[in-house]
Amino acid sequence: MTSTPDQPSRLDRIELLAIQNTEAIAALTSKLNNLTDKVDNLTDKVDNLTDNVSELTSNVNSVLARDAILNDVLLELRDSHEELKHNFEQHQRNFEEHQRSTNAALNQLGAILIQLTRIDPQN
């Protein structure tokens with residue numbers, strides 16, 4: 001098979017295909033390198049994000065632990081407040097009772113004093 005001047009020879013066509021394949025491989029290699037760089041960049045970002053999530057998880061755990069402690073303290077404060085309120089009310093009742101008994105005693109002493117002054121008006 002002979003080639004005519006208008007048609008490229010089979011060898012020319014093979015060389016052209018080889019050049020095209022080489023260029024296509026070079027373009028694909030470049031794209032692959034770009035993708036590799038992007039994957040590396042994304043891997044770095046994922047690692048950073050993982051670190052951030054770990055730190056946030058640690059912070060959340062710390063806050064939750066503090067919250068549990070504060071809830072316990074709050075419950076104890078409520079209990080103490082109720083107890084103190086009850087004690088105050090009892091002291092208030094005791095004070096009022098003592099005040100009544102003191103007033104009654106003073107009234108009795110006043111009555112005794114009046115009687116004593118009636119019995120012995122000279123003193």
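Just so it is clear, the values below take in all heavy atoms, side chains as well, and ignore hydrogens, waters and symmetry mates.
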Item to check | Co-members of F88 in a cluster of I, L, V, M, F, W and Y side chains, linked at under 4.5 Å | outcome: none
Sequence neighbours excluded and cut-off under 3.5 Å, please list the side-chain donor-acceptor pairs for residues 32-47, or say none.
| from | atom 1 | to | atom 2 | distance (Å) |
| --- | --- | --- | --- | --- |
| N33 | ND2 | T29 | O | 3.3 |
| T36 | OG1 | L32 | O | 2.8 |
| T43 | OG1 | V39 | O | 2.7 |

Could you list the donor-acceptor pairs under 3.5 angstrom formed between side-chain atoms of residues 62-75 and any protein atom two or more places apart in sequence or on another chain?
| from | atom 1 | to | atom 2 | distance (Å) |
| --- | --- | --- | --- | --- |
| D67 | OD2 | N71 | ND2 | 3.3 |
| N71 | ND2 | D67 | O | 3.3 |

Item to check | Contact list for residues 78-89, test side-chain hydrogen bond (donor to acceptor under 3.5 Å, both in side chains), sequence neighbours left out | outcome: none
Checklist entry - Which ILVMFWY residues are connected to I14, directly or by a chain of links, through side-chain heavy atoms under 4.5 Å apart? => result none
Can you list, pair by pair, the side-chain donor-acceptor contacts under 3.5 Å of residues 98-116, counting residues two or more places apart and other chains?
| from | atom 1 | to | atom 2 | distance (Å) |
| --- | --- | --- | --- | --- |
| H98 | ND1 | N94 | O | 2.9 |
| R100 | NH2 | E97 | OE1 | 3.0 |
| S101 | OG | E97 | O | 3.3 |
| S101 | OG | H98 | O | 3.0 |
| T102 | OG1 | H98 | O | 2.7 |
| N103 | ND2 | Q99 | O | 3.3 |
| N107 | ND2 | N103 | O | 3.3 |

Checklist outcome for this item: Contacts satisfying side-chain hydrogen bond (donor to acceptor under 3.5 Å, both in side chains) that involve residues 49-60 (not counting sequence neighbours) are none
Item to check | Passing candidate, side-chain hydrogen bond (donor to acceptor under 3.5 Å, both in side chains) with R93, options Q90, E96, H91 | outcome: Q90
Below 3.5 Å, can you tabulate the donor-acceptor pairs from side chains in residues 16-25 to any protein atom, sequence neighbours excluded?
| from | atom 1 | to | atom 2 | distance (Å) |
| --- | --- | --- | --- | --- |
| N21 | ND2 | L17 | O | 3.4 |
| T22 | OG1 | A18 | O | 2.8 |

Checklist entry - Hydrophobic cluster mates of L49, side-chain heavy atoms under 4.5 angstrom, ILVMFWY only, any path? => result V53
